[in-house]
Amino acid sequence: MTWLAAKPMDLFGDHPSGANWETVGGDRGCQRYSTLSQINRENVDQLEVAWVYRTGELDRERKKTIECTPLVIDGVMYLSTGHLRVVALNAETGEQLWEFDPFANHTAAGPLASGGVNRGLAWWSDQKPDGERRILHGTSDGRLFSIDARTGQLDPKFGNGGIKDLREDFEEDLSKMAYGPTSAPAICGDIVFLGVSNGEGPNIAAPGDIRAFDVRTGRQLWRFHTVPRPGEKGHETWEGDSWKYRGGANAWGGLSVDVERNLVFAGLGSAAFDFYGGDRHGENLYANSTVALDASSGELKWHFQTLRHDLWDHDLPVYPNLVTVTHEGKRIPAVAQVTKTGFVYLFDRESGEPLFEIEERPVPQSDVPGEQASPTQPIPVKPPPFSVQHFDKSNVTDIAEANREYVLKELQKIRTGPAFSPPSLQGTVVTPGFHGGANWSGASFDPETGILYVNSNNVPNVMTLVESPPGAKYKYGHRGYKQIRDQEGYPGIKPPWGVLTAIDLNQGEFAWQVPLGEYEELTERGIPQTGTETFGGTIVTAGGLVFIGGTKDEKFRAFDKSTGEVLWESQLPAGGYATPSTYEVNGRQYVVIAAGGAGKLGTRAGDAFVVFALPEGGN
């Protein structure tokens, strides 16, 4: 195997990405920023396909989306496929170097969490010349693999023959529960950290604890209880014994790391059951909280709960971005947390103190028997929300009168109103919807300007609770994850339905906001660009560009990061429902995105990783 080194490795800093794309977030702090500028505003319209890698999985019976952001280390690309295989490629040519299938000779540990998606891998090295190099691969059936990065073989010193069964350290029997990582592990020194996906329904779900393991042996080092036990700080926010056997509150969207401060950060999800909390009265820490933990011990350094007693499945869906901002004339290391509710919470990285004021605002209360909704929610004064915060007849779709009238009739059957209107037995609009606001695609940050880039959705849902059948162990279920759509299938709210927003974190203000995505058939009818729902996020570069796929129109775009103008777009073979990465090999810059289609947007399935570059010999 040939290593195609372009620049020396520096894999453990909080610095922007250069020739390598070392983590799914670009750097350990997940800024998703690249210092590369060969591809820039002046020449991005010349981008062409350099090579395409196809996973060969389209012939499988079950079509799965690909949400992986490839890593590129010293000229080698590492990726995970829709069916959780790990593949190493020559990043310059696309030639396959090796592949590893976690199911080929190894029995799954349990049911697949979240449909079995995977958003990427982690890389570890002992930092010695010709030393150990490992790919850490967490699978949604509940296993963690340590793979030799050179050969694709399992590391026999890790776990049981290279495999750590993630269920084995629990007191509870998790064998029949969905439990496992769907987002990439994080690394700090010789420790690997994991958040997991698990059940969030009305039945008993697996714990969502954050866990740390020795990267060489797989031994569990610590476990942070995201639902505090008796004697732990935050336990008082769970009334009675409601903390027992409580699932959710999980870091399913991944983790970010401050290596210098030895801190690991997470945004945590909602507690199970998502939509009824009559059996978990209280604020329910640490669900829906940004937490900072000591990387060596798992000790809680600080937390902030962005949503109390969640009734809307409004998880914190992604790792916080570790950023540096200018605030009141000082440069401050900070933490930026984007949310499904459409806000950015900005905290001092060391103390957890908010950098902009956060107000306690009264919110609607629940009339569901047994429920006790939080009377207020913490809302940042700055920046403004990047997603719509209400839905009623005042902002029903206006793409045509027939569409508007159809939705108005639908709204007569349910409750409408502002954000945080609680679920009901009649049915209540949930705005933002269950897909956000922001989702697992998160945000990218430009350290040169202090601007955060986040794509988000404006597609309301309706949540209708139903009494459980006789003999059930829970009081209420629900009628499903229904979106409010018109008679043609378009979202029932006034466009835009998907947007890309540039937010100046120094000032707490928008730099610009534009629709993201297009329905060409609506454009042909003379309707202004509406945007589409998006799954897959942004990266930003020193070349003045923001790259993003994610849209239902299956296009990959480059925006001018200063203005929001589209400078280039390319039709992908399937929807690019993943976050791209960019890298350099032998003096040439590349941009890669997975085109797996399918998924929550239900478009055609694909099996491609598409790599773009400028024509050879030109800049």
Side-chain angles (χ1 to χ4, degrees), residues 6-7 15-21 25-27 31-50 69 72 321 323-324 386 441-455 496 498-507 509-518 529 531 534 536-551 553-572 576 578-593 610-619:
K7 291 183 180 179
H15 57 81
S17 174
N20 293 327
W21 193 266
D27 62 272
Q31 292 184 112
R32 298 195 333 219
Y33 172 79
S34 174
T35 58
L36 299 179
S37 59
Q38 182 182 93
I39 302 170
N40 54 55
R41 292 183 180 95
E42 286 68 40
N43 60 23
V44 67
D45 60 348
Q46 300 173 37
L47 278 184
E48 61 184 23
V49 174
T69 298
V72 181
N321 303 94
V323 303
T324 300
F386 54 78
S441 46
S444 60
F445 178 75
D446 187 339
E448 300 302 317
T449 63
I451 293 179
L452 188 84
Y453 299 90
V454 58
N455 54 302
V499 296
L500 178 60
T501 308
I503 304 172
D504 184 341
L505 293 186
N506 298 323
Q507 303 298 323
E509 300 170 351
F510 288 177
W512 48 261
Q513 186 176 67
V514 296
L516 179 60
E518 180 183 21
Q529 185 180 353
T534 65
T538 58
I539 62 172
V540 57
T541 77
L545 302 171
V546 174
F547 286 99
I548 184 169
T551 50
D553 57 19
E554 304 174 319
K555 292 183 178 181
F556 188 36
R557 294 178 170 90
F559 290 80
D560 186 312
K561 71 179 185 182
S562 299
T563 66
E565 178 187 358
V566 176
L567 300 179
W568 169 83
E569 63 182 27
S570 178
Q571 192 73 46
L572 295 171
T579 299
S581 56
T582 186
Y583 61 94
E584 182 182 276
V585 180
N586 292 330
R588 193 180 187 195
Q589 183 182 355
Y590 300 83
V591 183
V592 57
I593 188 168
V610 185
V611 180
F612 296 89
L614 296 173
E616 290 195 84
N619 284 317

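Predicted model only: the values in this text are computed from it and were never measured.
Take Pro447 and apply the side chain to side chain contact (heavy atoms under 4.5 Å, CB included) test, not counting sequence neighbours, and it matches Pro16, Gln31, Tyr33, Phe445. Applying the salt bridge (charged side-chain N to carboxylate O under 4.0 Å, His left out) test to Asp504 and every residue at least two apart in sequence or in another chain returns nothing. With sequence neighbours excluded, the residues that form a ring pair (Phe, Tyr, Trp, His ring centres under 6.0 Å) with Tyr590 are Tyr583. The side chain to side chain donor-acceptor pair (under 3.5 Å) check on Asp560 picks up Arg41, with sequence neighbours excluded. For Glu569, the salt bridge (charged side-chain N to carboxylate O under 4.0 Å, His left out) partners at least two apart in sequence or on another chain are Lys555, Arg557. For the side chain to side chain contact (heavy atoms under 4.5 Å, CB included) test, residues two or more places apart in sequence or in another chain that qualify with Thr449 are Asp446, Ile451.
In terms of modelled atom types and a separation under 3.5 Å, the side chain of Asn321 and the main chain of Ala443 share a donor-acceptor contact. Within the 3.5 Å criterion, the main-chain N or O of Thr579 finds a donor-acceptor partner in the side chain of Thr69.
Closest approach of Val499 to Gln513, counting heavy atoms only: CG2-NE2, 3.9 Å. Of all non-hydrogen atoms in Glu518 and Asp553, the two that sit nearest each other are N-OD2, 2.8 Å. Taking each heavy atom of Val591 and Pro580 in turn, the nearest pair found is CG1-CB, 4.5 Å. Of all the heavy atoms in Trp21 and Thr582, the pair that sits closest is CE3-O, 3.3 Å. The minimum heavy-atom distance linking Phe547 with Ala558 is given by the pair CE2-CB, 3.7 Å. The shortest heavy-atom contact between Phe612 and Ser570 is CE2-OG, 3.6 Å.
Note that the OG1 atom of Thr551 and the CG atom of Leu572 stand 8.0 Å from one another [nearest 0.5 Å]. Of the inter-residue distances, the one linking Leu516 atom CG with Ile548 atom CD1 reads 5.0 Å to the nearest 0.5 angstrom.
Residues Ile39 and Leu545 meet the side-chain proximity criterion, which asks for heavy atoms closer than 4.5 Å. Annotation: side chain of Asn455 is in contact with side chain of Ser441 (closest heavy-atom distance under 4.5 Å). Looking only at side-chain heavy atoms (C-beta outward), Thr541 and Leu36 stay at 4.5 Å or farther from each other. Within the 4.5 Å cutoff, the side chain of Pro496 has no heavy atoms near those of the Gln529 side chain. Looking at Phe556 and Val610, their side chains never come closer than 4.5 Å, going by heavy atoms from C-beta outward. Within the 4.5 Å cutoff, no side-chain heavy atoms of Leu614 are placed close to those of Gln589.
Centroid-to-centroid, the aromatic rings of Tyr453 and Phe559 stay 6.0 Å apart or farther.
The only option from Asp27, Ile539, Val540 that meets the side-chain contact (heavy atoms from CB on, under 4.5 Å) definition with Arg32 turns out to be Ile539.
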